[in-house]
Novice: 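I have a structure I would like to understand better, so I am pasting it below and will then ask my questions one at a time.
Counting begins at 1 with the first residue of the sequence.
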Amino acid sequence: MHRSAKRLAGLLTCAAVPVMLVAGCSGSGTDSSGDTATSDAPSSKTGGGATGSTAPSIALAKYKKLPNPCEAFSQDTIKNLLPKVKNASGEQGKSSDNNARGYCAWNSSDAKGVDGTQYRWLDVSYQRYDSEQGIGTGEKRATEFYAKKAADAKATEGAKNVKTAKTDGTGDEATSLTYELKKDGNDFGNATVVMRTANVVITLNYNGAGLAGADTPNSADLLKSAQAAAKEAVTAVNKANG
């Protein structure tokens, strides 16, 4: 066959073969919002392996564990705040994850004969946050929750004469307040301390009432005891993560 004829036959043969175009992806994944992210950029290979882009790292949360809330305070503290405590071991709340949240409460009734009865209540709650990509660090999330808990305490329904107090040396930040509240016909004095240490938020409530004619406890005295106990609650977090 003539050389030009052979060349033409070859071109006709190539033109008859369909050409398939394949689009490649360097990688795909699901971001924190649940949307699937993909890329049309071709993958690059180094040393025979594909190298894809990675999300920026996020700072790890400082604390990984929570203490047993019923062991947050020394027995001496329990006796001082609740002289005739019904259960020194406390009543622990149920939690689906003891390293995410915990709660414990104590109460006591100290009868003083004709002078009536002094009632006391103490509770402590812990809430821990992990760092999560797309949501924020554990510390950032805890800071937001701390602000909410402090605001909620100040807005307690029925609270009167709400006063805030300065609290130093209790975690990274703390808010203390006192208020009066009437419940079941009795006047209660209340002290609340909301505190944050890194990625953990702690809320402590200490209140009391004078029953059967006894005097209502002084809110300033309640707060002083609550703030001392609050320091122990923070220390318990450090010990748990020893």
Side-chain angles (χ1 to χ4, degrees), residues 67-93 102-127 146 148-171 173-197 201-237:
N68 180 332
C70 291
E71 297 176 358
F73 312 112
S74 69
Q75 285 302 303
D76 284 342
T77 294
I78 296 298
K79 291 178 181 178
N80 289 335
L81 272 62
L82 306 115
K84 294 293 180 69
V85 63
K86 291 184 177 180
N87 180 1
S89 297
E91 298 293 333
Q92 187 166 356
Y103 173 86
C104 193
W106 301 257
N107 68 85
S108 71
S109 294
D110 188 6
K112 298 183 179 297
V114 296
D115 293 327
T117 298
Q118 285 293 332
Y119 175 81
R120 295 291 183 275
W121 172 278
L122 171 69
D123 70 55
V124 65
S125 64
Y126 288 89
Q127 181 80 31
Y146 162 79
K148 179 181 182 302
K149 291 292 288 186
D152 288 346
K154 293 177 183 178
T156 298
E157 185 176 358
K160 297 180 180 179
N161 299 324
V162 179
K163 299 177 181 179
T164 58
K166 186 177 180 180
T167 302
D168 295 324
T170 308
E173 53 185 334
T175 297
S176 297
L177 61 143
T178 58
Y179 57 92
E180 298 167 5
L181 188 68
K182 199 172 190 68
K183 181 179 179 182
D184 299 329
N186 297 299
D187 294 320
F188 280 76
N190 299 265
T192 296
V193 184
V194 182
M195 62 214 100
R196 180 185 66 81
T197 176
V201 177
I202 309 165
T203 304
L204 182 152
N205 294 297
Y206 182 49
N207 60 62
L211 308 179
D215 294 334
T216 301
N218 183 281
S219 293
D221 292 338
L222 292 176
L223 180 61
K224 184 177 180 180
S225 296
Q227 289 178 326
K231 296 180 187 299
E232 288 188 45
V234 171
T235 298
V237 177

Novice: Going through the distances and angles, do Val234 and Ile202 end up as a side-chain contact (heavy atoms from CB on, under 4.5 Å)?
Specialist: CA-CA 8 Å; Val234 171; Ile202 309 165; 3.9 Å; yes

Novice: Between Leu223 and Tyr206, is there a side-chain heavy-atom distance shorter than 4.5 Å?
Specialist: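 With C-beta onward as the side chain, the pair stays apart.
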
Novice: Taking the side chain as every heavy atom from C-beta outward, state whether Tyr179 and Ser219 have any pair of such atoms under 4.5 Å apart.
Specialist: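 Result no, sub-4.5 Å side-chain heavy-atom pair not found.
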
Novice: Before you tell me yes or no, could you show the steps for Asn107 and Tyr119 under side-chain contact (heavy atoms from CB on, under 4.5 Å), namely the whole-Å CA-CA distance, both residues' side-chain angles and the distance that decides it to 0.1 Å?
Specialist: CA-CA 8 Å; Asn107 68 85; Tyr119 175 81; 3.7 Å; yes

Novice: What heavy-atom pair brings Ser109 and Lys86 nearest, and what distance separates the two atoms?
Specialist: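 Between these two residues, the closest heavy atoms are OG-CE, 4.4 Å.
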
Novice: Could you tell me which residues satisfy ring pair (Phe, Tyr, Trp, His ring centres under 6.0 Å) with Tyr146, sequence neighbours excluded, listed by chain and number?
Specialist: none

Novice: Under 3.5 Å, which donor-acceptor pairs link side chains of residues 148-156 to any protein atom two or more places apart or in another chain?
Specialist:
residue: Lys148; atom: NZ; partner: Asp152; partner atom: OD2; Å: 3.0
residue: Thr156; atom: OG1; partner: Ala153; partner atom: O; Å: 2.7

Novice: In terms of side-chain geometry, is the basic nitrogen of Glu180 or Lys160 positioned less than 4.0 Å from the acidic oxygen of its partner?
Specialist: no

Novice: Any sub-3.5 Å donor-acceptor pair from Tyr126's side-chain atoms to Ala233's backbone N or O?
Specialist: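 Yes, Tyr126 side chain to Ala233 backbone: donor-acceptor pair under 3.5 Å.
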
Novice: How close do Ala226 and Leu204 get, heavy atom to heavy atom, and via which atoms?
Specialist: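 So the two residues come closest at CB-CD2, 3.7 Å.
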
Novice: Under the rule for salt bridge (Lys or Arg N to Asp or Glu O under 4.0 Å), what residues qualify as partners of Asp110, not counting sequence neighbours?
Specialist: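 Once residues adjacent in sequence are excluded, the partners of Asp110 under the salt bridge (Lys or Arg N to Asp or Glu O under 4.0 Å) criterion are Lys84, Lys112.
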
Novice: Who pairs with Asp123 by side-chain contact (heavy atoms from CB on, under 4.5 Å), at least two apart in sequence or on another chain?
Specialist: Tyr103, Ala105, Trp121, Asn205

Novice: For Asp168, enumerate each residue passing the salt bridge (Lys or Arg N to Asp or Glu O under 4.0 Å) test, keeping only those at least two apart in sequence or located in another chain.
Specialist: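 Checked Asp168 against salt bridge (Lys or Arg N to Asp or Glu O under 4.0 Å); matches are Lys166.
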
Novice: Do Leu122 and Ile78 come close enough that some side-chain heavy atom pair is under 4.5 Å?
Specialist: yes

Novice: Do you know the tightest heavy-atom contact between Thr170 and Ala174?
Specialist: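 Looks like O-CB, 3.7 Å.
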
Novice: Would you say the side-chain atoms of Ser176 and Thr167 include a donor-acceptor pair closer than 3.5 Å?
Specialist: yes

Novice: Should Ser108 and Pro83 count as side-chain neighbours, where that means a heavy-atom distance under 4.5 Å?
Specialist: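 Heavy-atom side-chain distance check passes, below 4.5 Å.
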
Novice: Taking atom CG of Asn87 and atom CG of Leu82, what is their separation to the nearest 0.5 Å?
Specialist: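 Those atoms lie 11.0 Å apart.
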
Novice: Nearest heavy-atom pair of Glu91 and Cys70: which atoms, and what distance?
Specialist: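 The answer is C-SG, 4.1 Å.
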
Novice: Measuring from Asn207:CG to Thr192:OG1, what's the distance to the nearest 0.5 Å?
Specialist: 8.0 Å

Novice: Is there a donor-acceptor contact under 3.5 Å linking the side chains of Glu232 and Thr77?
Specialist: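 Checked: Glu232/Thr77 side chains pair up, N/O donor to acceptor below 3.5 Å.
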
Novice: Identify the heavy atoms of Leu81 and Ala229 that sit nearest to each other, and give their distance.
Specialist: CD2-CB, 4.1 Å

Novice: Checking Trp106 side chain against Ala88 main chain: does a donor-acceptor pair fall under 3.5 Å?
Specialist: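 Side chain of Trp106 to backbone of Ala88: a pair is present.
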
Novice: I'd like to check the side-chain contact (heavy atoms from CB on, under 4.5 Å) partners of Ala220; sequence neighbours left out, ordered by chain and number.
Specialist: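 Result, side-chain contact (heavy atoms from CB on, under 4.5 Å) vs Ala220: Asn218.
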
Novice: Tell me whether the count of non-hydrogen atoms from other residues, nucleotides or ligands lying under 6.0 Å of NZ in Lys231 goes above 12.
Specialist: yes

Novice: Using side-chain heavy atoms (C-beta onward) and a distance below 4.5 Å, is Pro217 in contact with Arg120?
Specialist: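 In short, these two side chains touch, coming nearer than 4.5 Å.
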
Novice: With heavy-atom distances below 4.5 Å as the criterion, would you say the side chains of Leu222 and Asn190 are in contact?
Specialist: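 The answer is no; the side chains never approach within 4.5 Å.
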
Novice: Considering non-hydrogen atoms only, spot the tightest contact between Val124 and Pro69 and give its length.
Specialist: CG1-O, 3.7 Å

